[in-house]
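The structure appears right after this line, and notes come after that.
As a basis for the values below, the full set of heavy atoms in this structure was taken, side chains included, without hydrogen atoms, waters or symmetry mates.
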Amino acid sequence: MRLGKLYSKDEVIEQFKDGQTIVMGGFGHFGTPERLVDLVLESGVKHLTTISLNSCKAGFGIGRLLSAGVIDKMITSHIGNNREAMEMHASGKLEVEFCPMGTLAERLRAGGSGIAGFYVKTGMGTGIEKGKELHEFNGEMYMLETALKGDVALVRCRAADPLGNLAYHGTNENSNPLVAMNECTVTIADPDMILEIDEIGPDRIVTPGVYVDMVLE
């Protein structure tokens, strides 16, 4: 019987399948689960949809998956810092669903909180509004944004314990806690270090182990 949630790289690789939606933490190249990106590439999967705050820079995080040609669609707030992503989108090789960053973060949170959708004003009067359900509240129009859910969540953290409790450090935390709580089939953590149970103080645990299925050894 396995004790805890520590898994080898080969066991993690088995979680990746063609056509999955992968939710990835990080912003730019900060807080990105680079070791897990290695394993996505090693698995050989393709036709992925990714959900992330941005497209990262070429050579980092999701930028590496874009370069490998394994992503068909991105749901993100920004691709302007990745020339390759912009060129792929302009040529029709990459579908991009743009979403304002705050709204994207809330859609991820809703996906892990049992909330089907919510109304916002951000993006009204722009292309973001196209095809969205509109509703009037107190004389003002709002549009409906729906929750986002994935198949696999990839999370970077500073420390993890064998039970999957996670602690973060500084701005590398960014979207990772939201990604970890998203209602994915499997949530995998990429820790900088693995500590013993009780070494991470209760006041430092940001993501409780109940949200995490696997910790990469």
Does some side-chain heavy atom of [Y] sit less than 4.5 Å from a side-chain heavy atom of [X]?
X: Ile22; Y: Phe16; value: yes
X: His135; Y: Tyr142; value: no
X: Asp161; Y: Glu199; value: no
X: Val40; Y: Val45; value: yes
X: Ile62; Y: Ile71; value: yes
X: Arg156; Y: Tyr168; value: no
X: Arg158; Y: Asn172; value: no
X: Ile51; Y: Leu104; value: yes

[X] (side chain) donor-acceptor with [Y] (main chain) under 3.5 angstrom:
X: Gln20; Y: Gln15; result: yes
X: Ser113; Y: Ile115; result: no
X: Ser77; Y: Asn54; result: no
X: Asn82; Y: Ile79; result: no

**Report entry** Electrostatic pair Arg109-Glu106, nearest N-O below 4.0 angstrom
**Finding:**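 Here Arg109 pairs with Glu106 in a salt bridge, since their nearest N and O are under 4.0 Å apart.
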
Query raised in the report: Does Lys46 come within less than 4.0 Å of Asp72, counting only side-chain N to carboxylate O?
Result: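 Between Asp72 and Lys46 there is no salt bridge, as every charged N stays at least 4.0 Å from the carboxylate O atoms.
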
Requested in this report: Would you indicate whether Lys9, at its atom NZ, is surrounded by more than 12 heavy atoms from other residues, nucleotides or ligands within a distance under 6.0 Å?
Outcome: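 Result for NZ/Lys9: open.
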
